[in-house]
Amino acid sequence: MRAVVQRVVSASVEVDGRTISEIGPGLLVLVGLHESDVESDADYICRKVLNMRLFPNDKSGKTWDQSVMQRKFEVLLVSQFTLYGFLKGNKPDFHVAMSPQDAKPFYESLVQKFKNTYNTDVIKDGLFGAMMKVHLVNDGPVTMQLDSSQPSKNTSEMEGVEP
């Protein structure tokens, strides 16, 4: 699983000219599903995204000190199969992305995992499989990429930690 995480002042998703989701300060997370992803990949991405220290601590003045949960900010998840695309010549190839029929329930379970781990009211998402317009005001800009197939070298970080 691959996630592109952007710290935002605001973000929204529009489908057919209608805004279907929007957030204020928080994280916009573009999520790509690989054909071999399993539940542990979703656990890893959820845990890392919600605990990434991408926000300043207003009290201490430290810049990379607080997570989205500590700040009580929102998260907007958007499925994006093209994160597993590559070029064959000049033509994009997406064959390593999870098939739409498998990806939809897997993505929906990922969204639910975020809601269960953090707070249902602050987790938003796009519309799976739809042609979406994603609007964002990037904050920083701060953009990080996570890949569940390349977990942190600090393995003790993952031991005994619930998502």
Side-chain angles (χ1 to χ4, degrees), residues 1-15 19-34 37 40-87 92 94 97-98 103 106-128 130-158 161-163:
M1 186 176 300
R2 185 166 289 153
V4 175
V5 181
Q6 296 181 305
R7 188 176 75 186
V8 297
V9 172
S10 63
S12 63
V13 175
E14 180 183 317
V15 175
T19 299
I20 62 164
S21 288
E22 60 186 329
I23 64 169
L27 298 175
L28 168 64
V29 184
L30 306 175
V31 179
L33 303 177
H34 189 273
D37 282 342
S40 61
D41 294 295
D43 292 341
Y44 176 81
I45 293 297
C46 180
R47 183 177 59 252
K48 292 302 276 186
V49 167
L50 292 177
N51 290 292
M52 295 171 85
R53 297 186 327 184
L54 299 179
F55 297 93
N57 183 325
D58 294 336
K59 292 180 181 156
S60 71
K62 291 182 182 178
T63 53
W64 303 102
D65 192 49
Q66 294 190 316
S67 70
V68 69
M69 291 193 302
Q70 288 172 304
R71 295 296 297 265
K72 296 181 176 30
F73 286 164
E74 298 173 294
V75 177
L76 176 56
L77 300 164
V78 177
S79 64
Q80 188 172 349
F81 74 93
T82 61
L83 290 178
Y84 276 108
F86 59 91
L87 291 177
F94 306 109
M98 190 178 285
F106 194 92
Y107 173 76
E108 289 170 351
S109 72
L110 176 70
V111 172
Q112 193 59 51
K113 185 178 300 290
F114 270 82
K115 289 180 176 187
N116 293 343
T117 304
Y118 182 17
N119 176 340
T120 300
D121 297 333
V122 300
I123 303 297
K124 313 290 181 172
D125 71 327
L127 184 59
F128 185 89
M131 194 60 121
M132 296 177 270
K133 293 187 187 319
V134 180
H135 305 273
L136 71 138
V137 178
N138 206 319
D139 183 18
V142 173
T143 303
M144 303 293 292
Q145 181 174 315
L146 292 172
D147 197 325
S148 65
S149 68
Q150 300 173 344
S152 169
K153 292 179 183 174
N154 182 0
T155 56
S156 63
E157 165 188 353
M158 295 179 66
V161 177
E162 292 295 317

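Keep in mind the model is a prediction, meaning the values are calculated, not measured. Start at 1 with the first residue, then count along the sequence.
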Exercise for review: May I ask you to say whether Lys115 pairs ionically with Asp121, meaning some side-chain N is under 4.0 Å from a carboxylate O?
Suggested key: no
Point to revise | Student check: side-chain heavy atoms of Phe128 and Glu108 closer than 4.5 Å | key: no
Check your understanding: So which heavy atom on Asp37 is nearest to which on Ser148, and how close?
Key -> OD1-OG, 4.1 Å
**Study point:** Audit row: Ile23, Ser12, side chain to side chain contact (heavy atoms under 4.5 Å, CB included) steps and yes/no
**Key:** CA-CA 6 Å; Ile23 64 169; Ser12 63; over 6 Å; no
Practice item. Give a yes or no on this: more than 12 heavy atoms of other residues, nucleotides or ligands lie within 6.0 Å of atom CE of Met69. Key: yes
Exercise for review: Walk me through it: do Phe114 and Asp125 pass the test side chain to side chain contact (heavy atoms under 4.5 Å, CB included)?
Suggested key: CA-CA 11 Å; Phe114 270 82; Asp125 71 327; over 6 Å; no
Exercise for review: Would you give the length of the straight line joining atom NZ of Lys113 to atom SG of Cys46, rounded to the nearest 0.5 angstrom?
Suggested key: 6.5 Å
Practice item. Could you tell me the separation between the CG atom of Asp139 and the CD atom of Gln6, rounded to the nearest 0.5 Å? Key: 11.0 Å
Revision key, fill the gap. Partner of Val5 under side-chain contact (heavy atoms from CB on, under 4.5 Å), picked from Ile45, Leu54, Thr143, Val68, is Leu54
Practice item. Dump the intermediate steps for side chain to side chain contact (heavy atoms under 4.5 Å, CB included) on Glu14 and Val134, then the final yes or no. Key: CA-CA 6 Å; Glu14 180 183 317; Val134 180; over 6 Å; no
Exercise for review: Answer yes or no: is there a donor N or O on one side and an acceptor on the other, between the side chain of Ser60 and the main chain of Lys62, under 3.5 Å?
Suggested key: yes
Check your understanding: Taking all atoms of both residues into account, what is the closest heavy-atom pair of Pro92 and Phe94, and its distance?
Key -> CB-CZ, 3.5 Å
Sequence neighbours excluded and cut-off under 3.5 Å, please list the side-chain donor-acceptor pairs for residues 78-87, or say none.
unit_1	atom_1	unit_2	atom_2	d
Gln80	NE2	Thr82	OG1	3.0
Tyr84	OH	Met1	N	3.3
Tyr84	OH	Arg2	N	3.4

Practice item. Could you pull out the closest heavy-atom pair between Gly140 and Arg7, with the gap in Å? Key: CA-NH2, 3.8 Å
Check your understanding: Is there side-chain contact between Pro25 and Val8, with at least one heavy-atom pair below 4.5 Å?
Key -> no
Check your understanding: Can you name the nearest heavy-atom pair linking Leu27 to Val49, along with the distance?
Key -> CD1-O, 3.7 Å
Review point. How long is the gap from CD1 on Ile123 to OH on Tyr118, to the nearest 0.5 Å?
Key: 7.0 Å
Review point. What's the verdict on side chain to side chain contact (heavy atoms under 4.5 Å, CB included) for Lys124 and Glu74, showing C-alpha distance, side-chain angles and the deciding distance?
Key: CA-CA 8 Å; Lys124 313 290 181 172; Glu74 298 173 294; 4.0 Å; yes
Review point. Any side-chain heavy atom of Gln70 within less than 4.5 Å of one from Lys72?
Key: no
Point to revise | NE2-OG distance between His34 and Ser149, expressed to the nearest 0.5 angstrom | key: 7.5 Å
Exercise for review: Say whether, by atom type as modelled, one donor and one acceptor occur between the side chain of Asn138 and the main chain of Val142 under 3.5 angstrom.
Suggested key: yes
Exercise for review: May I ask you to test the Gln66-Arg53 pair for a side-chain heavy-atom distance under 4.5 Å?
Suggested key: no
**Study point:** Spatial distance of atom OH (Tyr107) from atom CG (Leu77) [nearest 0.5 Å]
**Key:** 5.0 Å
Check your understanding: Looking at side-chain heavy atoms only, is the closest gap between Asp58 and Arg71 below 4.5 Å?
Key -> yes
Exercise for review: Compare every heavy atom of Asp147 with every heavy atom of Tyr44, then report the nearest pair and how far apart it is.
Suggested key: CE2-O, 4.0 Å
**Study point:** Residues, nucleotides or ligands: over 12 heavy atoms within 6.0 Å of Glu22 CD
**Key:** no
Review point. What heavy-atom pair brings Ile20 and Gly126 nearest, and what distance separates the two atoms?
Key: CD1-C, 3.8 Å
